[in-house]
Amino acid sequence: MLSKLLWPVLFLGMLAGCQQQDNSLGETTSSIIDGRKIYRHSEDGKPTSLDPIKASTVYSNMMAVNIFDTLYAYKYLQRPYELKPNLAADFPQVSDDGLVYTIQLKPGNSFTDHPAFKDGIGRNVTASDFVYSILRSFDPLNGGTGAWLWQGKIVGIDEWKTNGANYDQPPSGLLAVDDLTIRITLTQPYPQLVYTLAMGFSGITPREVVETLGQEFGSRPIGSGPFVLDSFDADVAYLSKNPGYRQETLDIYAEGYLPERHAGLGLESLHGKTPPFIDQLEVHFIKENASRWNSFTKGNEIQYTTVPKDKQNTVLVSADPITLHPLIEDNYHSSYGMEAGFVYHGFNMLDPVFGQTGDPQHDARSKALRCAIRKAHNWDQKNRAFYFGLGSVFPGIIPPSVPEFNAELSMESVSLDIPGALDLLAEHNWNDQNLPDFEYHVTGSVLQKQFFEQMRGFLNKINYPTNKIKYQPYPSFGNFNKAVKNRQAPFFFMAWTLDYPDAENTLQLFYGPNQTPGSNNFNYQNPEFDQLYEASSVMLPSPERTALYQQMNQMVIDDCVVISGLSRKKINLWHKNVITYPDREIVGGYHLKYVDVK
Amino acid sequence: MLSYSSSTNSLWAMAWHQLKKDRAGIAGLVIVMLFLFISTGVWLGLWGNGWSDTSAQFNAHPSTSHWFGTNAIGQDIAARGIYATKVAFEVGLLVTLASLLLGLIAGTLSGFKANSKTDSLILWVMGVLDSIPFYLFVAAVAYALKQHLFAMHLAMIAVFWTSIARVIRSEVIRIKNMEYVEAGEAIGLSHFKIVLNHIIPNTTHLLLVQGTLIFVSAIKTEVILSFLGLGIKEGISWGLMIAESTQDIQAGHFANFITASGLLFLLVMGFNLLSDALQDALDPKSIGKS
C-alpha cells in the first residue's frame with residue numbers, strides 16, 4: 001500500500017519543479033473574410049445596458065460612444081487627453097460670465113434606420129434630440145445613472161424633474177434654438193461641462209425609437225454613431241459599420257500623432273482616410289483572465305487584450321523599464337499607459353473611533369492613529385505584490401493622469417516609516433492593549449483577502465495585535481458599496497476612475513456636502529476645504545485654480561483621511577494585423593472607429 | 001452486566017488485534033497521529049506561528065528558511081500549511097462531535113420509538129435534508145449564515161447528522177429486540193436507563209467508524225467551502241490556500257497548490273485507510289473469521 005502512495009507523492013514532487021512558462025502562441029490568421037474587414041475586440045467585463053443614460057461603467061461607456069454620437073470626443077492619440085468637436089461643429093461659444101454655452105451641430109447627420117422613423121429611414125439628428133437625451137437622465141422613470149453630471153448646474157433642470165418630466169416643455173436652461181443650435185444656461189460657471197458632453201451619458205438618442213422600444217432600448221439601441229448594433233448578449237456584441245456615418249477624413253497629426261511614440265504601428269497608413277475602416281466590430285466580454293488570454297494567443301479569435309495580472313511575468317522581462325518578452329514583441333503590438341485613476345484606502349471620518357467627533361483630545365488621538373497606519377503602509381510591497389511593480393505611487397489625491405498633478409510634492413505620506421508610526425502611537429498613548437479593533441471592509445474575493453492579509457502584515461509591524469485586525473468581506477461590490485454609503489465601514493479599499501481629466505473629479509470626493517450617500521465616502525468635513533472647492537469649481541483651468549487644487553490636496557494629506565495612492569499601469573497587446581492605438585481610459589471607446597485590419 | 005462488560009472488552013481487544021494485522025490501517029493510524037501531533041503543536045504555539053507574517057520575498061522558491069517557498073505576498077507557505085492543519089482538525093472535531101451527538105440522539109429516539117409518530121417525523125426530516133443536493137445545501141446554509149462565526153460548521157452539522165442517525169436507528173431497532181433489553185424491561189428499568197446503559201454503549205463501534213468518515217468529509221467540505229469563499233474567515237485553511245493558488249498557477253507558481261493539496265491528500269488518505277481498517281476490525285463477522 002505504501003509503495004502505491006509513493007508514486008502520487010513523487011508525481012506531485014515533479015509537478016513542483018514545473019516552472020516552465022507557456023509562451024506558445026497560435027498563428028495569426030487574416031482578419032479579412034470575403035472582402036469584409038472584421039476586428040475582434042475584447043473587454044474584461046460586460047455592459048449591463050447599452051442605453052447611454054446607464055453608461056456608468058467603462059464597458060457600457062465604450063459601447064455607448066460607438067453606437068451613439070456625442071457632441072465632443074477625445075483626440076485619438078493626444079496625451080495628455082484633449083477634447084475635439086465630434087458632432088458639434090466647433091467648441092462652444094461661452095458668454096463672458098461663463099453661464100451660457102451655445103453649440104452648433106454639424107449638419108447632415110442622421111440616425112440609422114428603424115421602423116419607428118417615418119418610412120423606416122433614419123432622420124437627421126437635431127438639437128432637440130440632444131435636449132431630449134440629456135433630459136432622459138432626469139426622468140425618474142428611466143433609472144439613469146448620469147444625472148449627477150448636470151444636477152443643480154443647468155437652469156431649471158431639477159425643477160423639470162419634480163414638475164413631471166414633460167419632454168415637450170424643456171427647462172429654460174436647456175434649449176434647442178433651432179435644428180442645429182443648442183443653448184445651455186448654467187446656474188453657475190461649470191468649466192467641466194464640455195468634458196461631460198464627451199461622455200457616454202450624453203449620447204444622442206432618437207425620441208421616437210426610445211418611446212417605441214421602451215426598456216428594450218437598452219438592448220436594441222439606435223443611434224448615429226460609427227457603428228450599428230446587430231446583436232448583443234452577455235458574451236459578445238456584433239456591430240456593423242454605419243454606412244451613413246459622416247464623411248470626415250482622419251488627420252493623424254491633428255489627432256496627436258508623434259513618431260517617437262506611434263511609429264511602427266501602421267497608423268500612418270490611415271492618414272487621409274475616412275473612418276470607420278472596418279466592416280464588422282465584435283466586442284467579446286471575457287471576464288476570466290485565462291480564457292481571454294487563451295483566446296488572444298490562439299491567433300484566430302480575439303485580437304486585443306489587456307495583460308492580466310497572472311500573465312504579467314509571462315509577458316514582461318522587466319518592469320522598470322518595461323521590457324516585453326521577445327516572443328511577445330515578435331508577435332504582437334503593444335502599448336502601456338497609466339490608468340486615469342488610482343487605488344486607495346480610506347477612513348470614514350464619522351466613525352466614532354477612527355474619525356472625528358469634535359472632541360479635540362479624541363480627534364488628536366484618532367488622527368495620530370490614522371497617520372500611524374498610513375506610515376505603516378508599505379506602498380512598495382503592495383506595488384510589487386499586486387501590480388508587478390508597474391504602478392506609480394503618488395502622494396495625495398491628484399493622480400499623475402491629470403494636468404494638475406504636482407510631481408514635486410513631498411513623498412512623505414506614501415513612504416514607509418515604522419519608527420515614525422511607533423513614535424506617533426506612543427506620543428498619543430496608543431498601545432497594543434488600547435488599540436481599537438481594525439475592521440477591513442472589502443468585497444470578498446481571494447485577491448481582496450490577500451490585500452487584507454498584506455495590510456495585516458503591515459499593521460503587525462507597528463505592534464497592532466493580529467486578533468484586533470478583522471476581515472469584513474461582502475458578497476458583492478453592491479453590498480460593500482452599500483455598507484460604505486451607510487457609514488458602516490471605518491476603513492475600506494477602493495479604486496476611483498476619473499470621468500474627465502480634471503482633478504476636480506477627485507477633489508469632489510472630499511467635498512463636505514457630497515458626504516454619503518453622495519460621493520464623499522470618507523465623510524470628510526473641512527469648512528476650509530469646502531470653501532476652496534467652491535471657489536475653484538467655477539474657475540477655468542489656470543495656475544490660480546491649480547494652486548487651490550494643491551492646497552486642498554495638502555489638507556487631505558495632512559488630515560490623514562486617506563492612504564493614497566497608486567495609479568496602475570495597463571499593458572495593451574494586439575495582433576500585428578490590426579492597426580490601432582487602444583486606450584480605454586478617459587478616451588473610452590472612441591478609438592474603435594479608427595481601427596483597421598489587414 | 002458483567003457478561004456484557006466482559007464481552008465488550010473482548011470485542012475491543014479482538015478489534016485491536018485485528019487492526020494491528022492490517023498494515024494499511026496502521027499506516028493510516030500513523031498518518032492521522034502525525035497530523036494530530038502537528039495540530040497539537042500549533043495549538044500549543046510550538047510551530048506555525050508565523051503563518052500571517054508578510055515579507056518582501058514574493059513567490060520565493062523553497063529554501064531552508066522557507067521549506068515550501070513563499071506566496072504572492074511573501075508569506076511562508078510551510079507555516080501556513082502547518083497552521084491550516086490545526087484549522088482542519090478543529091473543523092473536523094467540532095463537526096464530527098456535534099454530528100455524532102445529534103445523530104446519536106435522533107437515531108436512538110427514532111429506533112427506540114420505531115413506527116411511532118416520533119419515528120415518522122424524524123425520518124421525514126432526514127428524508128427532506130437528504131433530498132437536497134449536498135454541496136448546494138451546505139453552500140446555501142453557509143451563505144445564509146455568512147456573518148456567523150460558525151456558519152460553515154452549522155451547515156455541515158445540519159447535513160452530516162442524518163447518515164449517522166440512520167445507521168444508529170437500524171442498530172437500535174436490532175438491539176432493542178435482544179433478550180437482555182427485554183430482561184431489563186421485565187425487571188422494571190426505565191426506558192431512559194435501558195437506552196443509556198444498555199443500548200447506546202453497544203453502538204459505540206458504529207459511532208467510531210462513522211466518526212472517522214464524518215471527520216474526513218468535514219475536512220474535505222471545509223476545503224471546498226473555503227475555496228468558494230464560504231468557509232474560514234479568520235486564519236488560513238488548505239481551501240483558502242488552494243483558492244489563492246488559482247492565481248499563482250496561471251503565473252507558474254505551484255507551491256501553494258501542491259502544499260495545501262498534498263497535506264489534504266495525505267490526511268484524507270490516512271483517515272480513509274484508518275476508517276476502512278476500523279470497519280473491518282469492528283465488524284463482528286470479520287472478527288469471528290479471525
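Quick caveat, the model's predicted, so the values are computed rather than measured. Residue numbers begin at 1 in each chain, while the letters A, B, ... track the order of the sequences.
Contacts between A:I469 and chain B at a heavy-atom distance below 4.5 Å involve the backbone alone (N, CA, C, O). Using a 4.5 Å cut-off between heavy atoms, B:S55 touches chain A through its backbone atoms (N, CA, C, O) alone. Only the side chain of A:K449 comes within less than 4.5 Å of a heavy atom in chain B; its backbone stays farther off. Proximity to chain B is limited to the side chain of A:F386, based on heavy atoms less than 4.5 angstrom apart.
Contacts with chain B were tallied for A:Q454, A:K470, A:E453; A:E453 has the most, counting heavy-atom pairs under 4.5 Å. Listed options A:Y471, A:F452, A:F451, A:F458 were ranked by heavy-atom pairs under 4.5 angstrom with chain B; first place goes to A:Y471. In terms of non-hydrogen atom pairs under 4.5 Å with chain B, the most contact-rich of A:A385, A:P308, A:S445, A:A290 is A:A385.
Checked against the 6.0 Å centroid criterion, the rings of B:F137 and B:Y135 do not qualify as a close aromatic pair.
No side-chain N or O of A:Y464 forms a donor-acceptor pair with one of A:D432 less than 3.5 Å apart. A donor-acceptor pair shorter than 3.5 Å can be found between the side chains of A:N460 and A:T466.
Among A:T297, A:I328, A:T306, the single residue meeting the side-chain contact (heavy atoms from CB on, under 4.5 Å) criterion with A:L573 is A:I328.
The closest donor-acceptor contact from the side chain of B:T246 to the backbone of B:I242 lies at 3.5 Å or more, if one exists at all. Looking at B:T85, its side chain does come within 3.5 Å of a backbone N or O of B:I82 through a donor-acceptor pair. When atom types are taken as modelled, the side chain of A:Q472 and the backbone of A:Y440 share no donor-acceptor pair closer than 3.5 angstrom. With hydrogens and angles ignored, the 3.5 Å screen pairs no side-chain donor or acceptor of B:S245 with any backbone N or O of B:D248.
Residues from residues 216-224 of chain B never place a non-hydrogen atom less than 4.5 Å from a non-hydrogen atom of chain A.
By the 30° and 60° cut-offs, the orientation of the rings of A:F491 relative to A:F438 is tilted.
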